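Here the structure is a predicted model, which is why all the values come from computation and not from measurement.
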Amino acid sequence: MVTPAKRALVSSCAPRTTSLDDAFAHCEAITRGHYENFPVGSHMVPARIRPHVYSIYAFARTADDLADEPGLAPAERTRRLDEWDGKLATCTVAPDGPILTALGETIRSQRVPRRHLHDLLHAFRMDVVTHRHETFNHLLSYCRYSAAPVGRLILHLFSYTDARRRLLSDLICTALQLANFWQDVAIDFSRGRIYLPRDDMDRFGVTEDDLARGRTTNGFRSLLACEIERTRMLFRRGAELPDLVSGRLKYELRLTWLGGMRILDKILAGGYDVFNCRPKIEKRDIPGLLLRALFRNPHVRDDSGFRSL
């Protein structure tokens with residue numbers, strides 16, 4: 001079976017003569033070919049920046065697929081991630097294939113700090129060997145590598161590099177990552193991973209057998225309610241960020257924030273049963289989210305009583 005990771009790895013090893021236009025088009029196709037809750041390079045992002053968002057996403061998507069490659073031993077997956085990391089180090093001078101050709105141009109023309117990309121690869125290596133997280137703080141430490149670099153890269157593309165905006169971005173990106181964990185409890189468990197903190201599972205009496213059998217017990221509902229409230233708090237703490245940027249990015253960030261909060265609302269509305277019905281953003285959700293992103297007064301409270309964007 002040819003997996004996405006294998007296809008991407010083969011593409012990345014294509015001849016180095018890939019044109020920039022073709023390379024960025026390849027990255028755009030990868031980006032648009034994957035389901036996401038939240039906008040990735042949407043038309044709210046200026047056309048001049050969109051290709052660079054695609055190149056970063058395609059690079060990270062390929063690494064994610066390598067970390068999840070079925071049938072490969074952990075050591076081999078780690079080796080392939082190390083190889084991908086090595087290609088990152090040389091992509092501005094000797095790129096292998098379209099993804100790295102596009103990314104090399106992004107790094108060079110936008111002066112993107114490579115350390116954020118290396119941090120993402122560190123998170124994917126962690127995924128290979130770390131399948132449980134003991135506490136919520138341990139999970140936040142993981143998000144420091146898996147989520148925060150994404151927001152910092154986007155801010156950099158828009159020339160925002162100050163500490164205050166980076167901190168607010170870290171909060172929102174961490175909340176987005178956590179929202180994804182809570183909606184994907186069943187999917188992650190099928191891959192051998194549990195992102196629900198072990199000490200919280202113990203506190204609410206939730207076992208791995210409950211997850212394996214897809215049991216939405218009262219304890220599981222209480223556990224997920226606790227994690228969702230923590231995640232809402234992070235969203236609220238970062239909610240100022242869209243008003244600290246200008247142009248289309250303001251609305252892109254509002255839409256992203258609203259999409260994350262909408263996922264949490266859907267988990268609640270579904271009675272926390274993420275086993276039988278994966279909560280996700282539907283096409284019918286988009287118009288309302290767009291309207292709120294474009295016109296909602298940032299200081300008006302939403303229907304659930306939380307400060308909204």
Side-chain angles (χ1 to χ4, degrees), residues 35-38 64 67-68 70 74 123-124 126-148 170-239 256-282 285 301-308:
Y35 169 79
E36 296 290 336
N37 289 325
F38 317 113
D64 195 12
D68 283 337
F124 295 131
M126 290 175 68
D127 277 335
V128 173
V129 298
T130 303
H131 302 147
R132 304 290 186 272
H133 297 268
E134 293 298 322
T135 69
F136 189 71
N137 282 337
H138 288 148
L139 191 58
L140 292 180
S141 295
Y142 167 77
C143 291
R144 148 76 178 83
Y145 295 99
S146 67
D170 290 352
L171 291 166
I172 292 176
C173 288
T174 297
L176 290 170
Q177 176 79 90
L178 294 175
N180 183 251
F181 289 156
W182 313 147
Q183 76 179 142
D184 280 346
V185 169
I187 292 174
D188 290 329
F189 187 83
S190 72
R191 296 172 178 168
R193 297 189 187 120
I194 299 175
Y195 291 102
L196 292 162
R198 194 191 299 270
D199 66 342
D200 290 336
M201 289 178 63
D202 292 342
R203 179 157 60 102
F204 290 103
V206 176
T207 66
E208 291 195 18
D209 187 58
D210 291 329
L211 303 184
R213 295 175 182 272
R215 290 195 290 245
T216 309
T217 63
N218 288 336
F220 180 80
R221 292 187 185 93
S222 297
L223 168 62
L224 216 51
C226 171
E227 308 303 354
I228 285 173
E229 181 52 32
R230 285 170 162 171
T231 306
R232 286 190 191 277
M233 181 65 70
L234 291 170
F235 272 125
R236 285 179 236 148
R237 288 174 59 196
T256 300
W257 191 96
L258 289 164
M261 290 290 273
R262 182 67 176 143
I263 287 297
L264 300 182
D265 290 340
K266 282 176 172 273
I267 295 173
L268 176 61
Y272 303 101
D273 185 2
V274 294
F275 300 107
N276 294 306
C277 184
R278 180 182 185 269
K280 61 182 181 180
I281 301 297
E282 306 282 357
D285 295 315
R301 291 180 177 271
D302 66 14
D303 293 337
S304 59
F306 297 123
R307 184 181 173 189
S308 177

Any salt bridge linking [X] with [Y]? Criterion: basic side-chain nitrogen under 4.0 Å from a carboxylate oxygen.
{"X": "Asp170", "Y": "Arg144", "value": "no"}
{"X": "Asp200", "Y": "Arg230", "value": "yes"}
{"X": "Arg232", "Y": "Asp265", "value": "yes"}

Requested in this report: Look at the rings of Tyr142 and His133 and say which category their plane angle falls in: under 30° parallel, 30 to 60° tilted, over 60° perpendicular.
Outcome: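 Judged by the thresholds at 30° and 60°, the geometry between Tyr142 and His133 is tilted.
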
**Report entry** Aromatic ring pairing Phe235/Trp257, orientation class (parallel under 30°, perpendicular over 60°, tilted between)
**Finding:**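 Ring orientation, 0 to 90° scale: perpendicular.
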
Requested in this report: Could I get the full list of salt bridge (charged side-chain N to carboxylate O under 4.0 Å, His left out) partners for Arg132, not counting sequence neighbours?
Outcome: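 By the salt bridge (charged side-chain N to carboxylate O under 4.0 Å, His left out) rule, Arg132 matches Glu208.
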
**Report entry** Sequence-distant partners of Asp64, salt bridge (charged side-chain N to carboxylate O under 4.0 Å, His left out), two or more places apart
**Finding:**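 Result, salt bridge (charged side-chain N to carboxylate O under 4.0 Å, His left out) vs Asp64: Arg61.
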
Hey, could you give me the [atom1]/[atom2] distance between [X] and [Y], rounded to the nearest 0.5 Å?
{"X": "Tyr272", "Y": "Glu227", "atom1": "OH", "atom2": "CD", "value": "11.5 Å"}
{"X": "Leu224", "Y": "Thr216", "atom1": "CG", "atom2": "OG1", "value": "9.0 Å"}
{"X": "Phe124", "Y": "Tyr145", "atom1": "CZ", "atom2": "OH", "value": "14.5 Å"}
{"X": "His131", "Y": "Ile194", "atom1": "NE2", "atom2": "CD1", "value": "11.0 Å"}
{"X": "Leu139", "Y": "Gln177", "atom1": "CG", "atom2": "CD", "value": "8.0 Å"}
{"X": "Ile228", "Y": "Arg221", "atom1": "CD1", "atom2": "CZ", "value": "12.5 Å"}

If you take all heavy atoms of [X] and [Y], which pair is closest and at what distance?
{"X": "Ala179", "Y": "Ile263", "answer": "O-CG2, 4.0 Å"}
{"X": "Pro279", "Y": "Ile267", "answer": "CG-CG1, 3.4 Å"}
{"X": "Pro197", "Y": "Trp182", "answer": "CD-CH2, 4.3 Å"}
{"X": "Phe204", "Y": "Ser222", "answer": "CD2-CB, 3.5 Å"}
{"X": "Leu234", "Y": "Ala175", "answer": "CB-CB, 3.9 Å"}
{"X": "Thr174", "Y": "Cys143", "answer": "CG2-CB, 3.9 Å"}

Query raised in the report: Heavy-atom distance under 4.5 Å between the side chains of Thr231 and Leu264, does that happen here?
Result: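 Contact flag for Thr231/Leu264 side chains = yes.
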
Requested in this report: In sequence, state the C-alpha distance, the side-chain angles, and the governing distance for Leu223 and Arg203, and then conclude on side-chain contact (heavy atoms from CB on, under 4.5 Å).
Outcome: CA-CA 8 Å; Leu223 168 62; Arg203 179 157 60 102; over 6 Å; no

Requested in this report: Start with the C-alpha distance between Phe220 and Leu211, add both sets of side-chain angles, then the distance that settles side-chain contact (heavy atoms from CB on, under 4.5 Å), and finish with yes or no.
Outcome: CA-CA 9 Å; Phe220 180 80; Leu211 303 184; 3.8 Å; yes

Requested in this report: Begin with the C-alpha distance, continue with both residues' side-chain angles, and end with the deciding distance and a verdict on side-chain contact (heavy atoms from CB on, under 4.5 Å) for Arg278 and Asp184.
Outcome: CA-CA 7 Å; Arg278 180 182 185 269; Asp184 280 346; 2.5 Å; yes

Query raised in the report: Which is it for Cys226 and Phe136 under the side-chain contact (heavy atoms from CB on, under 4.5 Å) test, yes or no, and what are the steps along the way?
Result: CA-CA 11 Å; Cys226 171; Phe136 189 71; over 6 Å; no

Query - Residues in side-chain contact (heavy atoms from CB on, under 4.5 Å) contact with Asn137, at least two apart in sequence or another chain - result: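 Listed in chain order: Thr135, Leu140.
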
**Report entry** Over 12 non-hydrogen atoms of neighbours within 6.0 angstrom of CZ in Arg193
**Finding:**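 Counting other residues, nucleotides and ligands, CZ of Arg193 exceeds 12 neighbours.
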
